[in-house]
Amino acid sequence: MILIFFILFLAGSFVASEKFKFDNYTLYKILPKDSSDFVILQELYEIDRRFDFWDDPIPTAEYLIPPHDKIDLENILIQNNVAFIPTIQNIQEAIDRQTVKKYTRNNVRSMQWDAYYELEEIYAWIDDLAKTYPDIVTTEVAGTSYEGREIKGLKISHGPGRRIVFIESGIHAREWITPATVCYITAQLLTSNDPETRAAARDFDWYIFPVTNPDGYVWTHTDFRLWRKNRKPVGTEFGIDLNRNWNSNWLVKGSSTNPSSNNYAGLGPFSEPETRTLSTYITAIGNKIDIYLSMHSSGQLLLVPFGNTTQPLANYYDVVNIGRRAMGALSVRYGTEYTTGNVAEAIYHATGSSADWVKEFLDVPLVYIYELRDRGTFGHLLPPDQILPTSEETMDSIIDLIHQAKRFGYMNSGNGLKFSFLTPLLLFVVKSVV
Ligand SMILES: [Zn+2]
């Protein structure tokens, strides 16, 4: 597999009191051809922190540097024979093309799929859904952010006794396509006439949280479009990577102890109010969750736990096979290709994620991380005209995921799935005997 990394070239200076402009920042697609290229990129990260790696394989760093360093980057890559393509010459132009729309209140169908929405618009829409479908939709608050905002979402339920599909999105603030897609999925579950979608909506309780990092998301709209972390001050720096802060192999791999890093894991597991409150909320319903989806972008990947090892732990083979088939369903509509695999084998070792914690501590049968569109062109700055196709194909895959889960024997006699996999312990015993 060819790994593709984005590098954001940071130049200029940032005055915190004004909205940061990314004029003449350039986005590069890097095409490492083998492991030695990968090592060069790793070293580049370790010793030269002027570049912001957009994809997970390599931890990110943000440093503000003068424009001539763009030449430095190209020279380093050329000297090391690493292929690269500048994909966006001027980041600010791509940001300016990302329309942000206002949601017209009191009309649940007025949320459109050709623009991104601010936090208060998404929250207002959720409140309106609860009013419009009072027997089916309830507003849920899964936690609180550092700046005191609610982590607001909703529950769709057609009656008691159902197992749960849990969708967590927007934990990385700049990945705007994830809340947009999750809102579309919510709307489909409530309004679609497609029999399979209606059955999926009825057969499960759906817990959906479009923005689990509300402070960061607001910051991406008001001040700094490419912000990833939460907004807690740490000395002179800001923010903890909330998807490195969960209490599962915390700080073991793919995380940083440096608060200026985009992968800064915090002072300890669950040090952040967002992860602490959200994990408490999830724990309370944990034994009912059959499917947990953690939505990210970009790279077109479907990843399964765990992020610290390539060992096929737990029900790995089932999860990967179900995932691959669901990605086949995803590709039907627009031909979009996803790669499915374990986090550590598909991208890079990374621990302390929500997905690993949900798998390790709650034993949820099917846990997936989606890295949505695209693969190597716009990254986090996906143009609004890709919101609808991204959402449609993702919805297709989730419906097929449920279908495949049933085929693989994860179906209970009642509603929902059955938890039925070899424990990690048993798997280890088998392997050691062999
Ligand atoms: Zn992410």
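Atoms within each ligand, like the ligands themselves, are counted from 1 in listed order.
- Put simply, E371 stays out of reach of the Zn ion (ligand 1), with no N, O or S atom under 2.8 Å from it.
- Within H172, the N, O or S atom lying nearest to the Zn ion (ligand 1) carries the name ND1.
- Between the side chains of Q92 and Y25, no donor-acceptor pair is found at a separation under 3.5 Å.
- Partners of R97 under the side chain to side chain donor-acceptor pair (under 3.5 Å) rule, at least two apart in sequence or in another chain, do not exist in this structure.
- Taking the Zn ion (ligand 1) as reference, the nearest N/O/S atom within H296 carries the name ND1.
- Between the side chains of S157 and D205, at least one donor N or O sits under 3.5 Å from an acceptor N or O.
- For the pair R276 and F270, the NZ or CZ position fails the cation-pi test of under 6.0 Å to the six-membered ring centre and within 45 degrees of the ring normal.
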